[in-house]
Amino acid sequence: MTHQGTIEVDGTVLENLPNTLFRVRLADQSIILCHLSGKMRINYIKILPGDRVRLEMTPYDKTKGRITFRYK
């Protein structure tokens, strides 16, 4: 379930940064900065470079996003 007015896209994690931030490459080869959603932090979901993830972006700022799901 997504927030109202968000865009869902898939990407690949390139690198881990401090404070649960990640650099993610999208399908259109753009690189954005993402943070983990609260549910993923609570459930201790680990994200490593190379993982495929689903993320949410707002239509207002296309350079930042929130990781909501890690594909297996």
Side-chain angles (χ1 to χ4, degrees):
M1 189 165 158
T2 63
H3 292 93
Q4 185 177 6
T6 60
I7 302 165
E8 278 199 346
V9 293
D10 291 339
T12 305
V13 176
L14 294 179
E15 67 176 312
N16 294 354
L17 300 171
N19 296 331
T20 65
L21 290 176
F22 302 91
R23 285 202 203 284
V24 177
R25 173 175 282 137
L26 303 180
D28 62 355
Q29 300 304 318
S30 61
I31 297 175
I32 66 169
L33 191 65
C34 296
H35 67 275
L36 280 180
S37 68
K39 288 285 187 182
M40 292 187 75
R41 285 185 188 187
I42 289 170
N43 294 318
Y44 300 109
I45 305 295
K46 301 296 181 200
I47 304 289
L48 299 172
D51 286 346
R52 288 185 47 237
V53 293
R54 182 185 326 148
L55 51 105
E56 295 179 347
M57 296 170 48
T58 68
Y60 304 108
D61 189 4
K62 305 273 189 194
T63 62
K64 294 186 174 108
R66 176 189 306 119
I67 297 174
T68 58
F69 185 78
R70 179 179 59 96
Y71 293 106
K72 297 188 185 223

Check your understanding: So which pairs with a foot in residues 30-60 pass ring pair (Phe, Tyr, Trp, His ring centres under 6.0 Å), sequence neighbours left out?
Key -> none
Give the minimum heavy-atom separation between [X] and [Y], together with the two atoms involved.
{"X": "Ile67", "Y": "Cys34", "answer": "CG1-CB, 3.8 Å"}
{"X": "Met40", "Y": "Phe69", "answer": "SD-N, 3.7 Å"}
{"X": "Asp51", "Y": "Lys46", "answer": "OD2-O, 4.1 Å"}
{"X": "Ser37", "Y": "Thr68", "answer": "OG-CA, 4.1 Å"}
{"X": "Pro59", "Y": "Gly5", "answer": "CD-O, 3.0 Å"}

Practice item. Could you pull out all residues at least two apart from Lys62 that satisfy salt bridge (Lys or Arg N to Asp or Glu O under 4.0 Å)? Key: none
Check your understanding: Residues two or more places apart in sequence or in another chain: which of them pass salt bridge (Lys or Arg N to Asp or Glu O under 4.0 Å) with Asp28?
Key -> none
Point to revise | In one Ile/Leu/Val/Met/Phe/Trp/Tyr side-chain cluster, 4.5 Å: Ile7, Leu55 | key: yes
**Study point:** Shared-cluster residues of Ile31, by chain and number - hydrophobic side chains joined below 4.5 Å
**Key:** Leu14
Check your understanding: Looking at residues at least two apart in the chain, or sitting in another chain, which of them share a side chain to side chain contact (heavy atoms under 4.5 Å, CB included) with Asp61?
Key -> Thr58, Thr63, Lys64
Exercise for review: Return yes if some donor-acceptor pair links the side-chain N/O of Arg54 with the main-chain N/O of Tyr71 below 3.5 Å, else return no.
Suggested key: no
Pair up each side-chain donor or acceptor in residues 17-27 with any protein partner under 3.5 Å, not counting sequence neighbours, and list the distances.
unit_1 : atom_1 : unit_2 : atom_2 : d
Thr20  : OG1    : Arg41  : NH2    : 2.8
Arg23  : NE     : Glu15  : OE2    : 3.0
Arg25  : NE     : Gln29  : OE1    : 3.4

